[in-house]
Amino acid sequence: MGQNGHHLPKHVAIIMDGNGRWASSRGLARAEGHAEGARAVRDAVETATRIGIPYLTLYAFSVANWARPRGEVEALMRLLVEFAKSERAELRQNGIRVNVIGALEDLPTVTRHAVEDLMAYTKDGDRMVLTLALSYGGKKDIVEAARTLAVKARAGLVLPEEIDERSLQLHMTTHSLPDVDLLIRTGGETRVSDFLLFESAYAELLFLPIMWPDFRPETLVQAVDHSGKKERRFGLTPEQLAKKNLQAFDPFDQPS
Ligand code: IPE
Ligand code: IPE
Ligand code: MG
């Protein structure tokens with residue numbers, strides 16, 4: 001149970017937007033906004049672990065972000081290396097396992113190696129899975145899964161009529177993650193910018209006006225508390241849902 005007895009979301013995903021505007025409004029370079037954003041990442045990870053969220057996924061770099069000015073892309077790639085190096089000991093100590101979705105192979109070698117090292121170093125973490133979305137695109141992930149299945153079907157390894165949501169998802173880079181319960185976007189824009197399109201089908205969406213570097217531990221605690229009060233009905237009526245919850249009730253079932 002979360003604060004005030006509400007259920008904790010199992011999977012929280014965050015679109016960390018607003019670094020550039022945070023910096024510009026202070027007369028700083030955009031890269032300085034990203035550096036400050038990395039500090040907010042530490043806060044978010046620490047808080048999510050403390051309150052017991054099992055899966056935290058952060059949108060760090062989208063497929064579309066490759067089109068940004070070269071200097072900014074390089075600064076982001078450097079920051080990732082710094083993050084991987086400076087945080088590795090603490091992440092492991094706190095039982096956090098780092099995972100990646102998207103196309104890690106698209107990243108510059110130095111960055112890719114730093115992230116691979118971070119994943120290997122934290123592989124035994126069993127308290128929280130921290131997933132970094134790197135060179136990630138939701139549409140691309142779906143398309144590539146469809147293509148892989150089509151190739152398997154052509155080879156006779158998969159029957160087209162047996163393809164379902166589960167088998168499609170098993171071929172996406174998010175295959176090891178549960179569906180998103182709460183999707184937060186900072187920065188004030190009310191769009192999802194190609195993030196976890198398939199996995200957020202029934203997620204609660206929360207758009208915050210604050211810029212990502214201003215994200216604080218309390219922001220996450222409040223967001224989680226707010227989402228815990230919402231009733232997600234998955235297409236059912238409130239009455240059907242109450243009955244279903246009653247049937248599914250197990251006094252020994254400890255929420256994770
Ligand atoms: C961070 O915010 C998102 C990343 C791509 C790392 P932005 O860099 O998009 O900041 P704004 O939206 O321009 O303020
Ligand atoms: C989404 O933010 C991508 C990340 C947070 C990594 P963007 O700033 O790239 O998205 P748009 O351009 O506002 O849609
Ligand atoms: Mg932005």
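First listed ligand is number 1; within each ligand, the first listed atom is number 1. The chain is numbered in sequence order, starting from 1.
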Just by distance, with hydrogens left out, do [X] and [Y] show a side-chain donor and acceptor under 3.5 Å apart?
X	Y	result
D141	T173	yes
E144	H171	no
S193	R185	yes
S227	E204	no

Is E87 salt-bridged to R42, going by a charged N under 4.0 Å from an acidic O?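 The answer is yes: the pair qualifies as a salt bridge.
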
May I ask you to say whether D181 pairs ionically with R232, meaning some side-chain N is under 4.0 Å from a carboxylate O?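 Yes, charged N to carboxylate O under 4.0 Å.
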
Taking atom CZ of F195 and atom CG of D17, what is their separation to the nearest 0.5 Å?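 It comes to 12.0 Å.
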
With rounding to the nearest 0.5 angstrom, report the CD to CG distance, E46 to L56.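 Atom-to-atom, E46:CD and L56:CG are 12.5 Å apart.
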
What protein heavy atom sits nearest [atom], and how far off is it?
atom	result
atom 3 (C) of ligand 1	M16 O, 3.3 Å
atom 10 (O) of ligand 1	G20 N, 2.9 Å
atom 7 (P) of ligand 1	D17 OD1, 3.5 Å

Answer yes or no for G18: is there a heavy-atom contact with ligand 1 below 4.0 Å?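 G18 counts as a contact of ligand 1 under the 4.0 Å cut-off.
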
Checking R88 against Y121: charged group under 6.0 Å from the ring centre and within 45 degrees of the axis?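 Yes, R88 and Y121 form such a contact.
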
For [X], the ligand 2 atoms whose distance to one of its heavy atoms is below 4.0 Å:
X	answer
R191	11 (P), 13 (O), 14 (O)
S193	10 (O), 11 (P), 14 (O)
F61	6 (C)

From atom 4 (C) of ligand 1, work out which of R30, M211, R68 has a heavy atom at the shortest distance.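 Nearest heavy atom to atom 4 (C) of ligand 1 lies in R68.
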
Which of the listed options, I15, I14, L134, holds the heavy atom that is closest to atom 1 (C) of ligand 2?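 Checking each option, the heavy atom nearest atom 1 (C) of ligand 2 is found in I15.
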
So that I can check it, does any N, O or S atom in D17 come closer than 2.8 Å to the Mg ion (ligand 3)?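 True for D17.
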
4.0 Å heavy-atom contact, R21 with ligand 2: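 No, R21 has no heavy atoms under 4.0 Å from ligand 2.
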
Any non-hydrogen atom of A64 lying under 4.0 Å from ligand 2?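 The answer is no: ligand 2 sits nowhere under 4.0 Å from a heavy atom of A64.
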
Is there at least one pair of N or O atoms, one from N65 and one from ligand 1, spaced under 3.5 Å apart?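 By distance alone, the answer is no.
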
Side chain or backbone, does W22 bring an N or O within less than 3.5 Å of an N or O on ligand 1?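 No, there is no polar N/O contact under 3.5 Å.
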
Should the pair F61 and W66 be assigned to parallel (<30°), tilted (30 to 60°) or perpendicular (>60°) ring geometry?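 Ring orientation, 0 to 90° scale: perpendicular.
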
Quick one: look at A60 and ligand 1, take heavy-atom pairs under 4.0 Å, and tell me if it's side chain, backbone, both or neither.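 Contact part for A60 vs ligand 1: backbone (N, CA, C, O).
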
